[in-house]
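Order of appearance sets the numbers: ligands from 1, and atoms from 1 within every ligand.
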Amino acid sequence: MKIAIGCDHGGIDLKEAVCRVIEELGHQIDDQGCHNSDSVDYPDFAKSVCAKVQAGQCERGILLCGTGIGMSMVANKFTGIRAALCQEIFSARMSREHNDANVLCMGARIVGAGLAQEVVRAWLTTDFAGGRHQRRIDMF
Ligand code: RB5
């Protein structure tokens, strides 16, 4: 898969660790920035990543900010984007299995690099269950 990744200054510390897992799992990365710790506005990066997913240029997106909250709020404004804020493994798995989440949000001030890597691993290796869950997704 091709995965778009974006972060703000609050999420930059997690990006490298997250990218390592994405590559280890054999996926490609489309890095939409930011690229340093200068203060930036998270909506810009959420928009870039969601646009890539909406256009079908990337199958999934990952967004990192301080808490993951701002990124998830912005991402869920985009038609066709189902962004899930997951700060532990169970939510990451369920967001795929039941919600077919196509964007994962995490907060670098909440999760450390090790946990973030395991969240990403679970999120990228869990399939959507379909069936009644697809019916529910079709309702919104
Ligand atoms: C930036 O200071 C911070 O507000 C941002 O990274 C994020 O946590 C917003 O939800």
Test item: D30 and Q32 side chains (from C-beta on) under 4.5 Å apart, heavy atoms: yes
4.5 Å side-chain heavy-atom contact, Q28 and M1: no
Validation row: I3, L124 side chains within 4.5 angstrom (heavy atoms): yes
Per-atom contact, atom 2 (O) of ligand 1, protein heavy atoms, under 4.0 angstrom: yes
Which residue and heavy atom of the protein sit nearest atom 10 (O) of ligand 1, plus the separation: G70 N, 2.8 Å
N or O contact, Y42 vs ligand 1, cut-off under 3.5 Å: no
D8 and ligand 1 - part of the residue with a heavy-atom distance under 4.0 Å: side chain
N/O donor-acceptor pair under 3.5 Å between N102 side chain and R82 backbone: yes
Cluster overlap M94 with V120, hydrophobic side-chain contacts below 4.5 Å: no
Protein contact of atom 7 (C) of ligand 1 - nearest heavy atom, named by residue and atom, plus distance: C65 SG, 3.4 Å
Nearest-neighbour protein heavy atom for atom 8 (O) of ligand 1, which is reported as residue plus atom name and distance: T67 N, 3.0 Å
G66 N/O under 3.5 Å from ligand 1 N/O: yes
Distance-minimising heavy-atom pair for G107 and Q87: N-OE1, 3.1 Å
Sub-4.0 Å heavy-atom approach of R109 to ligand 1: yes
Whether H9 lies under 4.0 Å from ligand 1, heavy atom: yes
Nearest atoms (heavy-atom pairs only) where L85 meets T67: CD1-O, 3.7 Å
